[in-house]
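Accompanying notes for the structure given below.
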Amino acid sequence: PPSPVSVPTPAAPRAAPLPVVPAVSIPIGKDKTERIKGVQKAMVKSMTEANSVPLFGYCDEIDVTKLVMLRESAKALTAATGMKFSYMPFIIKATSMALHQFPILNASVDKECENITYLASHNIGIAMDTIEGLIVPNVKNVQSLSVYEIAAELNRLHIVGLEGKLSTADMTGGTFSLSNIGAIGGTYAKPVVLPPQVAIGALGKFQVLPRYDEEGNVKKTHIMNVSWSADHRVIEGATMARFSNVWKAYLENPATMTIYLR
Ligand code: CAO
């Protein structure tokens, strides 16, 4: 019989290299159900209430190069006090100064959204990340505080907040909020307005990025992004945008803040 033709067996296709799977370190145990309580329970209530508010979102980027330099000087000047001097005191003050021109953003609405109250004090709430969860104490009367006084109060709130010992007064009466999520990371966010307030801003992380100057040259620039959310039942998008432009102008050229500072 004719000898069988030997057909070469095709080479097995070469397997693609497997992705490196890190050793699983998650302990596989039993499912666990916990009661939601304390700060987390308060968040369930406030966020459920907040969810009924239609939000308008507005984002922009801020050139904070001059602010970074100013803050370095402020930090050096106050180093002997042992106080932390971050960007927040300047950002909080700029917020209050811009609110002077847009009082509708420092306001509260009632549950049915039938009345809006323009609030005299600028009590700026600061979202704080603690072991217990999210808390939002506020710096009272920012309109009449210096940047230094804001820094001191922010330090106090942060220290007492981390100890879980904030008073009811510290935690109530906020009229506008800021969330410095950029301290953890990220650029843009989608913050949720805390009723009865009507607006909130989330700050992204400070980054060094290339940008063009007026002559078209690339320059090293410090950039921070901001994401605003506003209660669209009472706040128009144009109002939020105009407010943001004023706030941005103060932060991009902090000298203008010192001119108008009270
Ligand atoms: N980008 C880059 N660096 C930042 C930054 C940012 N957006 N914000 C703060 N930093 C820097 C500070 O300047 C400081 O630097 P130095 O060590 O050089 O002084 C350092 O990070 C630590 O700052 P801080 O976080 O202790 O202080 P802060 O005043 O800037 O912020 C607080 C205080 C309480 C707002 C912040 O610690 C915090 O908890 N952020 C999280 C807020 C949050 O969880 N938001 C989400 C709410 S919705 O769930």
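Order of listing sets the numbers, starting from 1, for every ligand and every atom in it. Worth knowing before you read on, the calculation uses all heavy atoms, side chains too, and leaves out hydrogens, waters and symmetry mates. Here the structure is a predicted model, which means the values were calculated and not measured.
Scored by the side chain to side chain contact (heavy atoms under 4.5 Å, CB included) test, Asn115 finds Asp110 as partners (sequence neighbours excluded).
Between His232 and Phe56, the angle of the ring planes goes over 60°, which puts this pair in the perpendicular group of the 30/60° scheme.
Within 6.0 Å of the CD1 atom in Ile36, the count of heavy atoms belonging to other residues, nucleotides or ligands does not exceed 12. Few gaps surround CD1 on Ile259; more than 12 heavy atoms of other groups in view lie less than 6.0 Å from it.
Between the side chain of Asn225 and the backbone N or O of Tyr188, no donor-acceptor pair lies under 3.5 Å.
Contact check for Arg233 versus Pro54: side-chain heavy atoms found under the 4.5 Å cut-off.
Ligand 1 lies under 4.0 Å from heavy atoms of Arg71, Lys75, Lys84, Ser86, Tyr87, Met88, Ile126, Ala127, Met128, Asp129, Leu134, Leu154, His158, Ser179, Asn180, Ile181, Gly182, Ala183, Ile184, Gly204, Lys205, Phe206.
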